[in-house]
Peer 1: 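Starting off with a structure, shown below.
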There are 2 protein chains.
Amino acid sequence: MAKATASSDDAFARFKSYLREQRLKSTAQRDVIVEVFLEGSGHASVEELYGRVRKRNPRIGYATVYRTMKLLTECGIADERHFRNGEARYEIAEKEHHDHLICERCGKIVEFEEDRIEALQEQAARKLGFELRGHKMELYGICADCRRKKSRG
Amino acid sequence: MAKATASSDDAFARFKSYLREQRLKSTAQRDVIVEVFLEGSGHASVEELYGRVRKRNPRIGYATVYRTMKLLTECGIADERHFRNGEARYEIAEKEHHDHLICERCGKIVEFEEDRIEALQEQAARKLGFELRGHKMELYGICADCRRKKSRG
DNA sequence: GCGAAATTGATACTCATTTTCAGTTAGCCA
DNA sequence: TGGCTAACTGAAAATGAGTATCAATTTCGC
C-alpha cells in the first residue's frame with residue numbers, strides 16, 4: 001500500500017539484513033515503524049512518528065518507536081538530530097553530509113551544503129591541535145515566506 | 001576571599017545594577033552564585049555550579065541556582081549553551097562572538113572565531129531566502145593531548 | 001521600623017526518554 | 001511441524017534536567 005521509492009526499499013532491506021546479522025528479530029511492529037519513517041519527509045519527531053504509526057497499528061507503544069528509531073540510528077539508516085528545543089528529530093541518513101537552516105518563526109528546516117565552510121572548519125580545528133571528527137552547524141533565521149507574511153501584516 | 005579579576009568585578013557590578021533597574025532584590029544567595037560563576041573557567045553546568053555554591057553556603061537550593069543563572073543570562077552576563085548531551089552549560093558572555101571546538105575524549109572545550117565561516121554562513125542563508133538571525137556551530141574532534149596519550153598507550 | 005513585593009528552599013511537577021517486567025513472539029533445531 | 005529460549009513488546013514506573021508552587025522569610029522604599 002505504502003508508496004515506496006527505490007531508495008526506501010533499499011533502506012528497508014538494509015534494515016532487515018542488519019537485524020539478521022545482529023541476530024535480532026524481525027517483527028511486524030518494527031516493519032511498520034521503519035516504513036512510516038522511510039515514507040516521511042524527514043526531520044520527524046518521535047511524537048510525529050508515533051502518531052503516524054498508530055494509524056496503522058494502534059497497539060504499538062511509544063517505547064517501541066523509541067527502540068526502533070535507536071536501532072535505525074545504529075545501523076546508519078537514520079540520523080538523530082537535536083535542534084533548539086532539544087527534542088530528537090530523525091532524518092533519513094543521506095550519503096552526502098549537510099547542515100541545517102531553520103526558520104525561527106515557522107520551524108521550517110532546509111538542508112544545505114557548503115564545502116568551503118567544511119574546509120574552513122577542518123582548518124580551524126587543525127590550527128588548534130584537534131583532529132576533526134564531526135561537527136554540528138545550524139543556522140537560524142527567518143524564511144522568505146515568513147518575511148513576506150510579516151510585512152503584509 | 002575570592003580571587004576576582006577586574007572584569008569579574010565589573011560583571012558583578014553590572015549584575016547589581018541590573019537588579020536595581022528591574023526592581024529585583026539583591027540577596028546573599030545571588031551574590032554567592034554570581035561570584036562562583038564569575039570565578040569559574042566557563043562552560044560550567046548547573047550541577048557543577050551548585051556543588052561549588054554549596055561549599056560556601058550549603059543551604060542554597062538547586063532551584064535558586066537555576067533561577068540566578070537565568071537572570072544572569074537575561075542580563076547578558078552569561079550565555080547558555082547546550083552541547084551534545086543536552087544539559088545546559090553557562091559561559092561568561094564575551095563581547096566577540098565565537099564558536100566551540102570540543103574534544104570527544106576528555107570533554108575539553110576550546111573557543112574559536114572564524115570570520116570567513118561567518119561570512120559564508122550569511123551567504124548560504126541568503127541564497128536560500130533566509131534572513132540570518134543566529135547560528136550554532138560546534139566542532140567535535142580529538143585534542144592534541146588526548147592524541148598524544150593514546151599513542152603512548 | 002513597616003509592610004508590600006520579591007525571594008527562598010523544599011517539593012511537586014513536567015516532558016522527553018529509558019528502564020522494568022511479565023507476558024508474547026520469532027526463529028533455530030529436531 | 002513442535003518446542004524452546006532469547007529477543008521483543010506494551011504498560012507503567014523510573015529517570016533526569018529543568019520549572020512551577022507555596023508557605024515562610026527577607027529586602028528595601030517609605
Peer 1: Identify, between Lys25(B) and Glu80(B), the residue whose nearest nucleotide on DNA chain D lies closer to the 5' end.
Peer 2: Glu80(B)

Peer 1: Can you check whether Gln29(A) has a side-chain N or O nearer than 4.0 Å to OP1 or OP2 of dC8(D)?
Peer 2: no

Peer 1: Under a 4.0 Å N-O cut-off, is there an ion pair linking Lys108(A) with Asp145(A)?
Peer 2: yes

Peer 1: Looking only at side-chain atoms of Tyr66(B), point me to the closest of dT8(C), dA17(D), dT25(C).
Peer 2: dA17(D)

Peer 1: What's the CG-P distance between Leu49(A) and dT17(C), to the nearest Å?
Peer 2: 11 Å

Peer 1: Cationic tip of Arg84(B) within the cone over Tyr140(B)'s six-membered ring, i.e. under 6.0 Å and within 45° of the normal?
Peer 2: yes

Peer 1: Hey, which sits more toward the 5' end of DNA chain C by its nearest nucleotide, Arg67(A) or Val46(A)?
Peer 2: Val46(A)

Peer 1: When you measure from the centre of the six-membered ring of Phe83(A), is the NZ or CZ of Arg89(A) under 6.0 Å away and within 45° of the axis?
Peer 2: no

Peer 1: Check every atom of dT17(C), dA7(D), dG9(C) against the side chain of Leu24(A) and return the nucleotide holding the closest atom.
Peer 2: dA7(D)

Peer 1: Using a cut-off of less than 4.0 Å, is there contact between a side-chain N or O of Arg30(B) and OP1 or OP2 of dT8(C)?
Peer 2: yes

Peer 1: As a test of reading the structure: which of dA5(C), dT8(C), dG9(C) is closest to the side chain of Thr27(B), going by heavy atoms?
Peer 2: dT8(C)

Peer 1: Closer to the 5' end of DNA chain D via nearest nucleotide, is it His82(B) or Ser26(B)?
Peer 2: His82(B)

Peer 1: So if I take every side-chain heavy atom of Glu87(A) and compare against dT18(C), dG9(C), dT17(C), which nucleotide ends up nearest?
Peer 2: dT17(C)

Peer 1: Under 4.0 Å between a Lys/Arg side-chain N and an Asp/Glu carboxylate O for Arg133(B) and Glu131(B)?
Peer 2: yes

